[in-house]
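Read through the structure below, which is laid out as structure tokens, and then see the notes.
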Amino acid sequence: MSQTVRELGINVANVCDQYKNPGPHYTWIADFNRQAAIWVRGGLPVQDRPSRPLSFFTWARVSDVYIFSVYAPPRLSITEFSALLANVVEEAQGKRPLIVAGDFNAWSTEWGSSETKPRGVILLDAFSVLDVVLLNTGRTPTFIGPPGSSIIDLSFASDSLTPRLAGWRVERGVVMNSDHRAITFNLSDHRPHRGSEGPRRRWSARNLDEEVFSELLSGARIPHAMPERPEDMAGALITAITEACGASMSSGGGRRRREPVYWWTDEIAALRRQCLRARRLAQRARGRPVEDARHVDFAVARGRLRAAIEESKRRCWTALCDEVDRDVWGRPYGTVMSRLRGPRATPPREPSLVRRMVATLFPTVTEALIRPPAGPAGAEVPDVSLEELRGACARIRDGAAPRPDGVPNRALKLVVTVRPEAFLRVYSACLSGGVFPSPWKKQRLILERIICRRLEMYTEAPAGLSDRQHGFRRGRSTIDAIESVTSAAREAVRGAIGSRKYCAVVTLDVRNAFNSARWNNILAALERIRTPEYLLKIIYSYFQARVLEYDTDDGPESCSITAGVPQGSVLGPILWNVMYDSILRLKLEEGVRIVGFADDIAVVAVAGTTCEVEDILSRAIARVRDALWGLRLETADHKTEALLLSKKRRLETITIEVGDCFIASSPCIRYLGLQLDARLTFNDHLRAASEKASRVAGALSQIMSTIGGPRSSRRRLYANVIDSILLYGAPIWSAEAIHRPACLLVITGHPHLSYDATYVLASIPPLALLADERSRLYRRRHEDARAEERQETLRRWQSRWDRSSKGRWTHRLIPNVRSWIERRHGEVDYHLTQLLTGHGYFKHHSQRYDHNASADCPVCPNTVEDAEHVFFNCIRGGKKKLHRQLQEVARPENIVQLMLADEKN
């Protein structure tokens with residue numbers, strides 16, 4: 001074999017059932033059993049190999065190709081053969097491009113055998129997940145021995161390698177001194193080349209020399225005035241930044257670095273540099289008179305670094321735990337769930353598969369992009385201000401991955417600090433010239449944020465976006481969208497038996513929505529809300545010549561993008577909302593409304609009978625589908641869901657027409673993560689949330705052992721994930737629970753009263769605190785701990801009441817929960833509730849529902865009529881008599897204390 005390999009000039013030989021392994025001077029990678037090996041010759045470097053010996057197979061990475069050698073002896077049972085292939089497939093996952101070759105001792109008609117045996121079936125099933133193709137051609141036997149001839153030596157390769165493979169054949173004239181014939185083929189070294197931009201540069205911000213970087217930027221020449229050539233100005237700015245990066249930072253290489261740990265700060269980075277310098281000086285001072293002094297300096301520097309790390313860890317961990325109370329779906333939730341989800345799946349890289357995915361997800365639009373109409377000559381374009389620049393820059397995270405130009409975000413923010421006037425000139429020139437520079441279309445830069453903030457001035461104006469859009473907008477959330485849907489249902493089914501109506505909710509799914517948005521429709525929608533000409537021009541430029549870059553096993557590839565809003569970009573969400581606004585503004589029949597969240601649409605219809613609901617819903621959905629088609633968007637009709645809500649004793653159903661589909665209503669549908677049921681009991685949602693929380697709790701228990709494991713503060717953070725899952729949508733489903741309506745009945749309060757104020761006035765602890773108290777009592781059921789646990793509940797309730805942002809007028813009057821609920825006298829009635837809540841027949845409160853009404857007091861000029869004014873300041877009423885009876889002036893800060901001091905009060 002060695003002689004034949006040399007004569008044929010073989011670079012890589014795949015060997016099975018070798019007689020022996022050569023000495024260490026050979027580049028020879030063998031398996032644990034000495035049954036399979038890969039011999040690399042001709043000076044080719046082995047880029048990677050197994051970290052541990054494998055049984056009956058091995059692999060090596062040579063010239064960016066993963067080559068597997070497999071030997072499956074005939075003595076292996078079917079179970080052992082299946083286990084071997086499973087190990088091969090598991091090891092090959094994520095390794096592309098791939099060649100698998102060896103002696104499998106398997107028979108199948110797929111590669112020319114006279115019959116298919118169990119091993120052949122198992123082999124084909126196992127390799128079906130690897131996206132490889134069989135290279136064996138013809139019926140030439142690969143084995144000729146005393147038992148006869150057969151085809152048992154097989155070769156497989158990734159589909160992406162087939163254009164580079166040539167000359168696969170079973171050699172007949174080559175002497176191998178073996179019963180197996182040699183199989184040879186050529187693999188060309190041709191690979192697709194990267195574009196003219198060359199390889200992507202990367203710099204490591206960890207060793208950024210800020211002094212050198214700032215000095216180079218300060219002296220860089222950036223054009224001062226070229227308003228007619230903003231592309232050149234942007235190019236000069238980019239060149240100056242990249243040159244400064246090259247001189248002040250070392251290359252980061254191709255290895256992808258992790259983001260900094262949560263406790264890392266600039267101060268720690270500086271102390272670490274000082275510590276490393278002190279260590280180097282101490283090492284160099286060995287055997288010299290200053291050795292002891294250098295070691296002392298190093299010890300001091302190391303102590304300061306350790307102290308700073310410990311303090312930062314403590315401070316950041318405390319902040320992370322405190323954040324749970326403020327945002328149940330924020331950073332703490334993401335931190336814990338990242339431990340449960342495990343590593344991300346490797347994205348597909350097989351070229352033909354990736355190209356099909358790209359073609360499906362990013363449709364090609366042939367219509368030309370229409371230039372916006374020119375505005376009045378000499379229209380003034382506001383320059384970018386320093387406040388705008390700093391505000392946009394502040395939202396860039398230091399640890400985020402750099403964009404394709406390789407400039408770290410930390411360096412970019414430093415540029416803005418050192419040369420803000422350069423950015424102001426370039427960005428102002430881009431806005432006035434209506435040009436979005438090409439290099440910046442591949443990354444999320446400051447310019448996009450500036451444009452977005454200026455667009456928000458028009459989209460959030462009274463004539464801007466519809467109030468029915470709840471997605472991608474400040475101060476709005478999925479809860480607002482769900483509340484908008486459920487409020488219509490509650491209104492319909494509320495009331496006497498004879499006056500109750502039916503309410504139906506239909507959710508529509510828009511197919512590939514964000515990637516299908518037409519740019520001309522977006523520009524036309526921006527014109528409708530009277531967007532200034534300069535913003536229209538730069539968004540027109542933003543759409544032009546967009547390119548999608550993606551990686552395959554054949555190398556990086558790209559394609560032109562002709563539609564869609566760039567997902568993950570700063571401008572994408574607001575541009576989508578502008579275009580989609582026409583759908584939400586459709587004039588539908590009375591009793592029908594549309595609610596939107598991003599691309600999700602819910603159509604809500606209220607009518608007296610089921611037949612009326614079916615008719616008006618079918619017509620409304622037809623109009624919505626037509627409007628969507630006018631925007632060149634399609635609905636996935638088979639994914640439509642319908643729900644009929646009513647208080648009827650018998651559960652009824654409706655059938656609506658959606659395109660070519662007829663959709664029957666379901667007892668429960670999922671809308672924005674919440675399960676809506678026909679009775680609005682939310683039992684299905686609570687059941688689903690409990691099941692999900694139980695699964696997460698089980699997964700958490702696997703990473704929190706009883707002995708050892710994470711410390712208690714980390715366990716508490718993990719446990720808060722369960723609360724996040726259980727409490728999702730709580731403002732919706734808890735509003736329909738028995739608990740809060742009962743509290744409202746106690747105090748005869750308005751339905752829109754805040755949750756926290758309702759529970760305080762009713763002197764009933766919130767349901768979550770009560771459930772926690774019952775759980776603690778159950779654990780201490782052998783003790784008389786009811787009074788002690790109630791005091792703990794009150795303490796927690798007080799803390800919650802102090803932290804809440806709702807019901808602050810009530811908190812001003814009743815700051816102490818314990819004193820209020822433990823009072824010995826006094827009943828809360830309808831009028832007292834209005835004083836204690838500020839909700840009622842006050843003009844300031846009524847103005848929330850009638851914007852045309854005045855909030856001024858009818859007797860006190862230029863004074864708003866609210867609870868504080870009516871009870872404490874207005875000339876109406878009997879305040880003087882009240883003061884004489886109390887023998888003290890009543891104020892918001894003491895009114896409740898006076899009430900509780902004496903039953904007469």
Side-chain angles (χ1 to χ4, degrees), residues 1-46 48-63 65-77 80-81 83-85 87-88 91-92 98-107 111 113 119-120 123 135-136 140-157 167-187:
M1 187 195 72
S2 301
Q3 179 66 17
T4 302
V5 164
R6 286 180 171 84
E7 290 178 355
L8 297 179
I10 301 297
N11 296 111
V12 181
N14 221 336
V15 188
C16 291
D17 197 13
Q18 64 267 25
Y19 176 68
K20 66 177 181 178
N21 290 330
H25 58 283
Y26 283 86
T27 307
W28 185 279
I29 300 101
D31 71 330
F32 177 76
N33 311 84
R34 297 191 172 191
Q35 299 282 277
I38 298 172
W39 183 15
V40 184
R41 297 184 64 256
L44 287 179
V46 177
D48 199 2
R49 63 175 70 194
S51 59
R52 68 187 191 285
L54 306 167
S55 295
F56 296 108
F57 76 98
T58 188
W59 61 268
R61 183 183 176 210
V62 182
S63 296
V65 177
Y66 290 92
I67 302 171
F68 277 65
S69 176
V70 183
Y71 177 62
R75 67 176 182 273
L76 295 182
S77 66
E80 292 171 331
F81 181 73
L84 168 60
L85 295 183
N87 292 335
V88 173
E91 191 74 17
L98 178 69
I99 293 175
V100 182
D103 180 3
F104 291 90
N105 285 296
W107 289 260
W111 47 79
S113 301
R119 276 198 174 201
L123 177 61
L135 301 181
N136 290 57
T140 305
T142 66
F143 171 85
I144 300 178
S149 62
S150 59
I151 304 173
I152 55 177
D153 302 291
L154 308 174
S155 309
F156 299 85
W168 189 98
R169 63 181 178 272
V170 180
E171 299 286 356
R172 298 186 179 185
V174 175
V175 179
M176 294 289 294
N177 283 345
S178 170
D179 294 337
H180 295 260
R181 291 176 172 177
I183 299 173
T184 61
F185 56 88
N186 297 321
L187 179 65

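By convention here, the first residue in the shown sequence is residue 1.
A donor-acceptor distance shorter than 3.5 angstrom exists from the side chain of Thr142 to the backbone of Ile152, with no hydrogens or angles considered. The closest donor-acceptor contact from the side chain of Asn136 to the backbone of Ser155 lies under 3.5 Å. With hydrogens and angles disregarded, no donor-acceptor distance shorter than 3.5 Å links the side chain of Ser63 to the backbone of Val65. Checking side-chain atoms of Asp31 against main-chain N and O of Ala36 turns up a donor-acceptor pair under 3.5 Å.
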Practice prompt. Carefully, step by step, assess Thr4 and Glu171 under the rule side chain to side chain contact (heavy atoms under 4.5 Å, CB included).
Written response: CA-CA 11 Å; Thr4 302; Glu171 299 286 356; over 6 Å; no

Discussion item. If you apply the rule side chain to side chain contact (heavy atoms under 4.5 Å, CB included), what do you find for Arg119 with Leu76, and how did you get there?
Written reply: CA-CA 10 Å; Arg119 276 198 174 201; Leu76 295 182; 3.4 Å; yes

Practice prompt. Report the C-alpha distance between Trp59 and Leu54 in whole Å, list the side-chain angles of each, state the deciding distance to 0.1 Å, and finish with yes or no for side chain to side chain contact (heavy atoms under 4.5 Å, CB included).
Written response: CA-CA 9 Å; Trp59 61 268; Leu54 306 167; 3.9 Å; yes

Worksheet item: After noting the C-alpha distance and the side-chain angles of Ile38 and Arg49, does the key distance pass the side chain to side chain contact (heavy atoms under 4.5 Å, CB included) rule?
Response: CA-CA 10 Å; Ile38 298 172; Arg49 63 175 70 194; over 6 Å; no

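A 4.5 Å side-chain heavy-atom check between Ile67 and Val12 finds at least one atom pair inside the cut-off. Counting only heavy atoms from C-beta outward, the side chains of Phe56 and Val70 never approach each other to under 4.5 Å. No side-chain heavy atom of Asn14 sits under 4.5 Å from any side-chain heavy atom of Phe68. Side-chain contact between Tyr19 and Asp17 is absent, with no heavy atoms from C-beta onward closer than 4.5 Å. Between Arg6 and Arg41, the closest side-chain pair of non-hydrogen atoms falls below 4.5 Å. Counting heavy atoms from C-beta outward, Gln18 and Trp28 have side chains that approach closer than 4.5 Å. When side chains are defined from C-beta on, Glu91 counts as touching Phe57, because their heavy atoms get closer than 4.5 Å. At least one side-chain heavy atom of Arg169 sits less than 4.5 Å from a side-chain heavy atom of Thr184.
Below 30°, between 30° and 60°, or above 60°: for Trp111 and Phe156 the angle between ring planes is above 60°, a perpendicular geometry.
Pairing each heavy atom of Ser55 with each of Asn33, the nearest pair is CA-OD1, 3.0 Å. Taking each heavy atom of Ile151 and Pro141 in turn, the nearest pair found is CG1-CA, 3.9 Å.
In this structure, OG on Ser69 lies 12.0 Å from CD1 on Ile99, to the nearest 0.5 angstrom. Atom CZ of Phe104 sits about 9.5 Å away from atom CG of Asp153, to the nearest 0.5 Å. Interatomic distance, CG of Asn11 versus CG of Leu187, reported as 10.0 Å (0.5 Å rounding). The structure places CG of Leu154 at 9.5 Å from CG of Asn105, a figure rounded to the nearest 0.5 Å. Note that the CD atom of Gln3 and the CG atom of Leu8 stand 10.0 Å from one another [nearest 0.5 Å]. The CZ atom of Phe143 sits 8.5 Å away from atom CG of Asp103, with the distance rounded to the nearest 0.5 Å.
Here Thr58 pairs with nothing under the side-chain hydrogen bond (donor to acceptor under 3.5 Å, both in side chains) rule; sequence neighbours left out. Residues that satisfy the side-chain hydrogen bond (donor to acceptor under 3.5 Å, both in side chains) test with Ser149, not counting sequence neighbours, are absent from this structure.
When the shell of 6.0 Å around CZ of Arg34 is examined, it contains 12 or fewer heavy atoms from other residues, nucleotides or ligands.
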